[in-house]
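Just below is one structure, and these are the notes that go with it.
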Amino acid sequence: MDSTETVRVRFAPSPTGLLHVGGLRTALFNWLFARHCGGRFILRIEDTDRKRYDPRALPDLLESLRWLGLDWDEGPEVGGPYGPYFQSQRLPLYQQYARQLIENGAAYYCFCSPERQGNEDPTRMTRRGAATGYDRRCRWIDPRLAAERVAAGEPAVIRLKMPLEGTTTFHDLIRGDITVENSTQDDVVLLKSDGYPTYHLANVVDDHLMRITHILRADEWIASAPRHVQLYRAFGWPMPAIAHLPVVLDPSGKGKMSKRKKIAPDGRALPVHVRDFREAGYLPEAMFNYLALIGWRYDAHTEFMSREEIIERFTIERINPTAAAFDYQKLDYFNGVYIRKLSVDDLTERLMPFIQRAGWHVERETLRRIVPLIQERMERLDQVTSLVDFFFVEELPDYDAQLLVPKQADVAATRGWLQSAREVLARVEPFTHDAIEQALRALAAQLEVKTGQLFQPVRVAVCGRLVAPPLFGTLEVLGRERVLQRLDRALAKLAVLEKLSV
Ligand code: GLU
């Protein structure tokens, strides 16, 4: 590459479904490389496979990229000098270039029936990485005769003439030189009989016409690279630098991360599509940082980095060729760290949609008072509802009265402590965190019980569970009236329990 030329990279998804997190990682690495080099990040939509086209895909894609903050310099909605950026709008170009290859003898018309042609699904071919079995029968037809048959209206596809002998080598920026035997490659279809290009033709033509300097793409395309090398040669075009990114593995590390959701031990469906991560309340900041580390690292220990730091440090040399597993626990941990960094106002703002989604009508100001109580213990925004539900219900759902009774305490004693706590809480003035804390601690001392033993029944009485936000702040936000009501209900439950246990 000429040193005056700017780096131009592209993310080239096919709109066949919702954006997968692995796809977002590919986009991120391209974006990071462009921003690191002061280059251009191009978004190109490879929508020539009409059978697999999914109308939800494009809006989902644009929203997902924007969510992560990956802005594109050329592409849908922003345009650019090398458009259109939708392949379906470039069909005449591909047809013209395919004919050019026929004319210079690098490609040929094939009239075989689809059954004879073998499987032409580019992804299946790639996965197998080997010839699909087409026997090249039409390669030997006299080109003049073939042209006449086409002119007479006979349907035909156009195939690339792969060299029959020798090897093809390309240099992968991450993996080094890769060589394949040409005998393992087949004469790939470039243009289908309906005039639509295959992935191979459209991808190569566009990378050339859009002046792409570096191809950073998913590892699953590595088997297509030798065909692309031959295509660039056939056109007489220089090939962009190329790198295949390490595969993103399932959390188990055993297989490629699937497109289907898995169920976590706690019963929740683990997200795989970007939209689901967003809806589960992962922050884009955390996702950005975490995804950057799947297959790339700065050094052996640095994990938390700002966007700017990652951009500054992102080089291809630091991408690791070995596959990396997607670790949900680590992502949750990252997310928790990023949640704790937010201001109370910011977190409140981001939580509001989750509260609304739960169907609760909660004032922003009310939520703002609760946020400091839960900020420390959240790892995902969607946990908000289960953390704060007891603030918003008039009456707590039923809970097991046994939870009120601390270990090494009996029901009667617990009831006595809770009764005293009720008296204290009925009197304490003002009904604020500090005053409540002081009063309850004094009570524990007076009763000669450990604070934990006194606080547990109070906590369970007001929250309905053992693990809950910090107690004194919770009591303050709930307000005296609701606290006393809930204590009364707990006392009644304990009375029943006491009767049962004698
Ligand atoms: N359209 C291809 C995909 O969906 C692009 C592969 C490439 O980047 O060359 O992954």
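As the structure is a computational prediction, the values presented were derived from the model and not from experiment. First listed ligand is number 1; within each ligand, the first listed atom is number 1.
With Y109 as the aromatic partner, R149 does not meet the cation-pi criteria of under 6.0 angstrom to the ring centre and within 45 degrees of the ring axis. Both the sub-6.0 Å distance and the 45° axial angle are not jointly satisfied by R136 relative to the ring of Y134. For the pair R44 and Y85, the cation-pi test (distance below 6.0 Å, angle within 45°) is failed.
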Anything under 3.5 Å between a donor and an acceptor, one on a side chain of residues 280-292, the other on a protein residue two or more places apart or in another chain? List them.
residue	atom	partner	partner atom	Å
Y282	OH	R268	NH1	3.4
Y282	OH	R268	NH2	3.3
Y282	OH	D332	OD1	2.6
E285	OE1	R350	NH1	3.1
E285	OE2	R350	NH1	3.2
E285	OE2	R350	NH2	2.6
N289	OD1	M305	N	3.1
N289	OD1	Y338	OH	2.5
N289	ND2	E303	O	2.9
Y290	OH	D327	N	2.7
Y290	OH	D327	O	3.4

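Applying the salt bridge (charged side-chain N to carboxylate O under 4.0 Å, His left out) test to every pair with at least one member in residues 76-86, sequence neighbours left out, gives these pairs: R66-E77.
For ligand 1, the polar-atom distance check finds an N/O of A12 within less than 3.5 Å of one of the ligand's N/O atoms.
Which parts of ligand 1 touch R217 is read off a 4.0 Å heavy-atom cut-off, strictly below it: atoms 7 (C), 8 (O), 9 (O). Taking every heavy atom of N203 and a limit of under 4.0 angstrom, the matching atoms of ligand 1 come to 7 (C), 9 (O).
R380 and D382 are joined by a salt bridge, as a carboxylate oxygen and a charged side-chain nitrogen come within less than 4.0 angstrom of each other.
With a 4.0 Å cut-off on non-hydrogen atoms, W221 touches ligand 1 through its side chain and not its backbone.
Counting only non-hydrogen atoms, the option in A202, G23, S14 that gets closest to atom 4 (O) of ligand 1 is S14. For atom 7 (C) of ligand 1, the candidate residues are E220, E46, R10, R44; the nearest heavy-atom contact is made by R10.
Of the protein's heavy atoms, Y199 OH, 2.8 Å lies nearest to atom 9 (O) of ligand 1.
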